[in-house]
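Note sheet for the following structure.
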Amino acid sequence: MCIRDRYKRMPNFSRTVTVNTDIDSAFTFLSDFRNLSKWAEGDEGELITKEPLRQGSVFKVKTHFNNKPRQYDYEIIEWGPPLRVSLQASTSIFTIVDTIFLSANSRGTEVTYSVDIKYNFPFFVLGIFVGPIFNKLMDKQIKNLEAVLGPVQD
């Protein structure tokens, strides 16, 4: 394996929470990135393809990272209601895939939000600096998701 291939794929960032929302409602809410502003502070999503949502649907997402505004087109690349949805955005520096896994259990719905970033060579070095920032962001977003979808009462 050459160095180019070894460092192209960076770590996956993932968080799991159980919420007090049924699986169908959780999937409908999470798969629609027009709802981003409700759980990802400062982010906004706009559907730029026609409804209904499905594989191939695209959202224009305005976000910020490290206090810098960004804009990406996120395409639904995997559509498996109500268990899984994946959305992908690509730039000249990286490709990012957000995957949401859902499963019903006796307490509600378990939601796993996973982000996989693949840097284009030679930008893999950015992963060293981005990792800690992304971990903090993921911690905040999973807490926001829990608050919006309803925390499970012990």
Practice task
Over 60° means perpendicular and under 30° means parallel, so classify the ring planes of Phe94 and Tyr72, tilted if in between.
Solution key: perpendicular
Exercise for the section: Sort and list the pairs that fulfil salt bridge (charged side-chain N to carboxylate O under 4.0 Å, His left out) and have at least one residue in residues 86-102, not counting sequence neighbours. Expected result: none
Problem - All pairs passing salt bridge (charged side-chain N to carboxylate O under 4.0 Å, His left out) where residues 48-62 contributes a residue, at least two apart - result: Arg34-Glu51, Lys60-Asp73
Problem - Partners passing side chain to side chain donor-acceptor pair (under 3.5 Å) against Ser90 (at least two apart in sequence or in another chain) - result: Thr95
Practice task
Apply side chain to side chain donor-acceptor pair (under 3.5 Å) to Thr112 and list each qualifying residue two or more places apart in sequence or on a separate chain.
Solution key: Thr16
Rounded at 0.5 Å granularity, tell me how far [atom1] in [X] sits from [atom2] in [Y].
X	Y	atom1	atom2	value
Thr28	Leu53	OG1	CG	9.0 Å
Asp116	Ile96	CG	CD1	8.5 Å
Met138	Lys136	CE	NZ	15.5 Å

[X]: partners by side chain to side chain contact (heavy atoms under 4.5 Å, CB included), with sequence neighbours left out:
X	result
Glu78	Arg84, Ser86
Asn135	Phe13, Arg15
Ser103	Glu110

Problem - Any Phe29 side-chain heavy atom under 4.5 Å of Lys38 side chain - result: yes
Exercise for the section: Heavy atoms only: give me the nearest Ser57-Leu47 pair and the separation to one decimal. Expected result: CB-CD1, 4.3 Å
Would you find a donor on one side and an acceptor on the other, under 3.5 Å apart, between the side chain of [X] and the backbone of [Y]?
X	Y	value
Asn105	Gly108	yes
Thr109	Ile23	yes
Ser31	Phe27	yes

Under 3.5 Å, which donor-acceptor pairs link side chains of residues 140-149 to any protein atom two or more places apart or in another chain?
{"residue": "Lys140", "atom": "NZ", "partner": "Glu41", "partner atom": "OE1", "Å": "3.3"}
{"residue": "Asn144", "atom": "ND2", "partner": "Trp39", "partner atom": "O", "Å": "3.0"}

Problem - side-chain contact (heavy atoms from CB on, under 4.5 Å) assessment of His64 paired with Asp43 - result: CA-CA 7 Å; His64 59 284; Asp43 290 1; 3.6 Å; yes
Handout entry: Under the salt bridge (charged side-chain N to carboxylate O under 4.0 Å, His left out) test, residues paired with Asp22 that sit two or more places apart
Key = none
Exercise for the section: Quick one: name the residues clustered hydrophobically with Val58, using the 4.5 Å side-chain heavy-atom rule over I, L, V, M, F, W, Y, and just say none if it's on its own. Expected result: Ile48
Practice task
In sequence, state the C-alpha distance, the side-chain angles, and the governing distance for Leu30 and Val85, and then conclude on side-chain contact (heavy atoms from CB on, under 4.5 Å).
Solution key: CA-CA 9 Å; Leu30 292 168; Val85 62; 5.8 Å; no
